[in-house]
Amino acid sequence: MIGSAGKTRNPKLEIRNKHEWREGSKSQTDPTRLRQHFGLGDFVLSICFGFCASPFGFLHAVGPGRRMPGVATALLVLALACVPVAGEEAAEQQEARNPVREFFDRLDTEYHGFYEVRAGSRLQNDPHQKDLSIMEARYQFDLFHMRDWGDIKIKGDVYGDGVEEKGVFDLREANLFGRPTDFMDVKLGRQVLTWGTGDLVFINDLFPKDWQSFFIGRDTEYLKAPSDAVKASFFMDWANLDVVYTPEFDSDRFISGERLSYWNPVLGDRAGRKDKLSTERRREFFEEDELALRLYRNVRNYELALYGYWGYWKSPGGFNETMTAAIFPELHVYGASLRGTVGKGIGNVEVGYYDSVDDRDGDDFLINNSEMRYLVGYTQEIARDFTAGVQYYVEQILDYDDYENSQPAGMPKRDEFRHLTTLRLTKLLMNQNLSLSLFTYYSPSDEDVYVRPVANYKASDHLAVEVGGNVFFGDEAHTFFNQFHNNTNAYLAVRYSF
Amino acid sequence: MLRKKSSVVLSACAVFGLFVAAAVGAADSDVPDVQTIVTRANIVAYYQGDDGKATVKMTITNKAGQTREREFIILRKDVVDGGDQNYFVYFQRPSDVRRMVYMVKKHVGEGKDDDRWLYLPALDLVKRVAASDKRTSFVGSDFVYEDVSGRSLDLDTHELIETTDTMFIVKNVPKKPEEVEFSYYTVAVDRKTYVPTKMDFYDKQGQLYRIIESKDVKTIQDFTTVTKSVVKDLKTGGQTEMEFTDIQYNIGIGDIFEERYLRRPPREAMR
């Protein structure tokens, strides 16, 4: 499903005046403006750069005005040296005296969460977006309460977003779970849902994704957006069945231009926050709903699953007739997967047939054609605490001739087959407290690359520091990953968990 | 002194105390053959009762004296006594791994790898874990996977090298030395209870570099149980202490070793 993130064929944008946004974007790069706005955020950012400079030499490409001052370096080193010790002591004290925890203890409710600061910047100028790619201070609370009849879980994030200059409350989970009988589980409410065998590639997992969070460098947790749904699971001798019903369609948090610049074929150029993608949302409760099924069983530790989905393209899959807004056309998906031990590692295969109901003939240029999607993957530990995983993924447009013939002249056409390979390398060091991970998407057909390097160090049981990047490059400006080239970013995060 | 070689080797020491129990009525005068010793010690260390449960607290201390803690509830159920068994580990601390579940279906026999799963609650993700090296650190501690779930008996040859008033000392030599970091290890097995009380690992140069000791033993439901053990890595200067509480045997664990319970553990695994 990564293939459909933000990819639409004919995005029609709300453009007030082409000249206007070009002028607006120019002011973004005006050095005097930058200096005027150099505040606390920039200070944190400087720290971020200073920290990043050694592991990522290419960060020196950042302009000299943003170089990290020596004093800041010293402060950072000092802070990093002190924090683990202070953090430990604070943690002990907090657990002993924290009034919030005491309050929830009295209610017999587990209270956990974290505080996090995350800052990042684009590594090159993007005329359509701010230099800051991410700048947020976040608090997550996680409440869990067990009763005889079931469990209650509430998890939410409150964060100040320095890029969009606003405060946000994101309720990630609020659900009831019960085991009414030996053969049935039920989970009702807001929940995060995942199934399927791909690693950051999704075929039969049609639960909402947050691609924007993924690309700007939030924790991987945020790639999964929550669903407001009921999940009923039935466990039988011959197989198990999951039924997920979502009464109101939950789309992906797709790339709309809000935070990331993207390719706009109407403009024939990359576009950004001044040219946000306008969409027609589906909000008819019980009418515009989603149903997802998974039938699965484990045969000698080989996991076999069949999937069905009846809903809508999760990211915009077409345009309305007046081409004023992107839409979410009807979509049915039927698929299967198998996962298990192969040699010394784990192998997986998954396929899915995407039945684009509103354009079954494939000749409506406004609506996505039907597709076949194929995935094969293999993961193995190749040395101690060093794991490698490879995947090969193909998207095939069905009725390609009709697609080709129906496209307006001048529009860049998608290939009939989009090939995508991924490579994940993960190395654990220092008693598994330092994790170095590199995830690379490479498409030989689009000739573009997306690299996600992440280094995460657990300074203590409570404190973790993370440095990472999202690097996009390729040959042509309109291809899937390279359209995000100007969003290439690096970030630093410090998280205190409790 | 009786010396016998065997294709069966003593598995790791009683790292998980709950799997250690008394062998009642061990004969004092007769010295059994080495195969009997290792088979019995293996049962005592890892297969006592039909199932078991404990809360485990690990304290990992590095050379500089900095400590990290892990706390988890572990459930174990035997498929075959002395053979395959299943483990279910529910993490409680530290908070960044809280509610993660690690499940192992252990397969005994040469060339057979365990099946392992990991559940990440924040993503609702069930992962297959590809790790096949059982000499890898368990959750960043100085214990390795084999210490936790047992080293397959047929991976080493071994011999009884000494019999004292209280202990059998067994030397174990790997059949495939290229697959492990030690050249051999010795185990001191209590003559009465068959509890492995100390293991000494020697590196390829014959130097002692790793010691696992049982520090505290209690009797729980008539089973003699190691409730505290410590591993010391003499090369890194690190050590890990493992303490067991809330130990119970034969609690009647059902078929919890499947995806249903990975996604939502049974109540007995959560408290």
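Fair warning: this is a prediction, and the values are worked out from it, not measured in the lab. Chain naming here is simple, since letters A, B, ... match the order of the sequence lines and numbering starts at 1 in each.
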Is it the case that over 12 heavy atoms from other parts of the model lie below 6.0 angstrom from the [atom1] atom of [X]?
| X | atom1 | result |
| --- | --- | --- |
| B:Lys204 | NZ | yes |
| B:Lys57 | NZ | no |
| B:Lys235 | NZ | yes |
| A:Met184 | CE | yes |
| B:Lys232 | NZ | no |
| A:Tyr139 | OH | yes |

[X] side chain near [Y] side chain, heavy-atom distance below 4.5 Å:
| X | Y | value |
| --- | --- | --- |
| B:Asp96 | A:Arg495 | no |
| A:Val192 | B:Leu123 | no |
| B:Arg116 | A:Asn301 | no |
| B:Trp117 | A:Glu303 | yes |
| B:Thr136 | A:Glu381 | yes |
| A:His112 | B:Arg93 | no |
| A:Glu221 | B:Leu120 | no |
| B:Phe138 | A:Gln432 | no |

Under a 4.5 Å cutoff for heavy-atom pairs, which residue among [options] has the most contacts with chain B?
| options | value |
| --- | --- |
| A:Gln191, A:Arg172, A:Glu173, A:Lys458 | A:Lys458 |
| A:Thr197, A:Asn240, A:Asp219, A:Thr194 | A:Thr194 |
| A:Arg384, A:Glu110, A:Met146, A:Lys187 | A:Arg384 |
| A:Asn433, A:Asn431, A:Asn298, A:Thr379 | A:Asn433 |
| A:Asp385, A:Leu223, A:Asp151 | A:Asp151 |

Would you compute the distance between atom [atom1] of [X] and atom [atom2] of [Y] and round it to the nearest 0.5 angstrom?
| X | Y | atom1 | atom2 | result |
| --- | --- | --- | --- | --- |
| A:Ile346 | B:Lys127 | CD1 | NZ | 11.0 Å |
| A:His462 | B:Ser95 | NE2 | OG | 6.5 Å |
| A:Asp461 | B:Ile60 | CG | CD1 | 7.5 Å |

Hey, are [X] and [Y] close enough for a salt bridge, meaning a charged N less than 4.0 Å from a carboxylate O?
| X | Y | value |
| --- | --- | --- |
| A:Asp185 | B:Arg264 | no |
| B:Asp124 | A:Lys224 | no |
| A:Asp142 | B:Arg98 | yes |

### Summary
Exactly one candidate in A:Arg297, A:Arg294, A:Arg339 meets salt bridge (Lys or Arg N to Asp or Glu O under 4.0 Å) with B:Glu259; the answer is A:Arg294
### Message
Is B:Arg271 in contact with chain A via its backbone, its side chain, both, or neither, using a 4.5 Å heavy-atom distance?
### Response
side chain
### Query
A:Thr181 and B:Arg260: which non-hydrogen atoms are nearest, and at how many Å?
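Smallest interatomic distance, heavy atoms only, reads O-NH2, 3.7 Å.
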### Task
Kindly indicate, with the supporting measurements, whether the criterion side-chain contact (heavy atoms from CB on, under 4.5 Å) is fulfilled by A:Phe177 and B:Arg263.
CA-CA 11 Å; A:Phe177 173 87; B:Arg263 289 184 187 264; over 6 Å; no
### Task
Let me know if A:Phe144 has heavy atoms under 4.5 Å from chain B in its side chain, its backbone, both or neither.
side chain
#### Entry: Residue part contacting chain B, namely of A:Tyr296, when any heavy atom lies under 4.5 Å
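A:Tyr296 touches chain B through side-chain heavy atoms alone.
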